[in-house]
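I have placed the structure first, in the form of structure tokens, so that the comments after it can refer back to it.
Excluded from the calculations below are hydrogen atoms, water molecules and symmetry mates; all remaining heavy atoms, backbone and side chain alike, are included.
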Amino acid sequence: MEQKNIQVCKRCVVNANVPSTTFDANGYCNYCNTFIEHTKQIIHKDPLQQQKDLESLVAKVKKNGLGKPYDCIVGVSGGVDSSWVLLQVKKLGLRPLAVHMDNGWNSELAQNNIENLVRGLGVDLYTHVIDWEEYRALMQAFFDADVIDVELLYDNAMLGVIYTQAKKQGLRYILTGANKATEGIPLPDSWSWNKFDKRNIVALGKKFGNIKLKTFPAMGSSEWAWYYYIKLIQFCPFLDYLPYNKFEALEVLQRDYNYKPYPYKHYESIFTRFYQGYILPKKFGVDKRIIHLSTLVAAGQMTREEALKGLEGIPYPSQQALEDDIEYFLKKMNWSQAMLDDYLKRPERRHDEFPSEKKKYEFLATLSDRIPVGLKTKITNFVKSIR
């Protein structure tokens, strides 16, 4: 049900409590208005042009993989999006290496989904198992710092693992489940943090635990720029090249690969579902379901009524499931209930209260636009010649 006295978008389910929300004369929010404007050429792309673009991409990937065991990297989490990418990549005759990172919070369901899929498709799987004690110490530092994006640790390490594998295999294409159809509405800036901010990770680890990174596969802005501009390794939102309906994909995965669904997006990780379903709402007043469901509504994959119903109650299948996760979290982090209660009561601190490389990344990300086209072509050709 819609919250009383809080304006809710007439098209999706973004409400006035979501940061930076504005409404037009029709009662539509800036989030779904921007999404529709920016994605119409992808979601409503001419089928013939979409097929040409896909064939062109596949040809490039195959050419890059000539003489190599694989021709692309696909990161897999056990979620629908990445699973669908792996399935479609195989159908198109590509030879992917599936890459997964186990940070100690994998659900048994996610592990089974990954194993069933790679076995059924005959795909090689590389799993990087992170050092749990180092990772737990870094998580504790983030909790002690009271910053919002604890998942920066997983996302940053996963980027490091994927780029390292791409370099090791001599591959330029990382095909991802990122897509406009189900992820086109971005989270508000205050709900997350720059995923390449290695400096922030190092600073928080040092300040709140005197932690020195030993095995953690951290990824900074300079490393990203080297991979992107010099090694020419690129992340490709593969699902944007295909007609993609999340619910139709889920039906096929369930039918053909014994795939088991999760109640909400990203709930394949025990910590992620606890973080999104409990920590974010309780400590930070953030409900990511609003953005996730609004994207599906704006993309025409869900009705607004279905989304409103999806927002009812707690972001968990049941109260018992939440209580089970609280117990699991406390045991795994060596916390008491009193420690959790104290953490939830403390005020938030911003990531940029601590050393950060956000501005450095933003500069490097726009560097390509600052280089004249002719010089850019010469640099690219030179790099290719020495590879």
Problem set entry | Partner set under side-chain contact (heavy atoms from CB on, under 4.5 Å) for Pro347, not counting sequence neighbours | none

Exercise. Any salt bridge between Lys195 and Asp155, counting N to O under 4.0 Å?
Worked result: yes

For this session: May I have all residue pairs that pass side-chain hydrogen bond (donor to acceptor under 3.5 Å, both in side chains) and include part of residues 202-220, sequence neighbours excluded?
Result: Glu134-Thr215

Exercise. Which residues satisfy the salt bridge (Lys or Arg N to Asp or Glu O under 4.0 Å) test with Asp53, sequence neighbours excluded?
Worked result: Lys45

Exercise. Considering residues at least two apart in sequence or located in another chain, which fulfil the salt bridge (Lys or Arg N to Asp or Glu O under 4.0 Å) criterion with Glu223?
Worked result: Lys198

Seminar exercise, completed: For Lys283, the salt bridge (Lys or Arg N to Asp or Glu O under 4.0 Å) test, sequence neighbours excluded, returns Asp146

Give the table of side-chain donor-acceptor pairs shorter than 3.5 Å for residues 86-94, with sequence neighbours excluded, one pair per line with atom names and distance.
none

For this session: Quick one: sort the Phe196 and Tyr361 rings into parallel, tilted or perpendicular, breaks at 30° and 60°.
Result: parallel

Problem set entry | Results of side chain to side chain donor-acceptor pair (under 3.5 Å) for Thr303 - residues two or more places apart only | Glu306

Exercise. Can you name the residues that form a side chain to side chain donor-acceptor pair (under 3.5 Å) with Tyr154, not counting sequence neighbours?
Worked result: none

Seminar exercise, completed: side chain to side chain donor-acceptor pair (under 3.5 Å) filter on Arg349, not counting sequence neighbours, yields Glu353

Got a list of side-chain donor-acceptor pairs under 3.5 Å for residues 99-106, not counting sequence neighbours?
{"residue": "His100", "atom": "ND1", "partner": "Val76", "partner atom": "O", "Å": "2.8"}
{"residue": "His100", "atom": "NE2", "partner": "Asn106", "partner atom": "ND2", "Å": "2.9"}
{"residue": "Asp102", "atom": "OD1", "partner": "Gly104", "partner atom": "N", "Å": "2.9"}
{"residue": "Asn103", "atom": "OD1", "partner": "Trp105", "partner atom": "N", "Å": "3.2"}
{"residue": "Asn103", "atom": "ND2", "partner": "Tyr135", "partner atom": "OH", "Å": "3.2"}
{"residue": "Asn106", "atom": "ND2", "partner": "Gln111", "partner atom": "OE1", "Å": "2.8"}

Exercise. Partners of Ser56 by side-chain contact (heavy atoms from CB on, under 4.5 Å), sequence neighbours excluded?
Worked result: Lys60

Problem set entry | Partner set under salt bridge (Lys or Arg N to Asp or Glu O under 4.0 Å) for Asp352, not counting sequence neighbours | Arg350

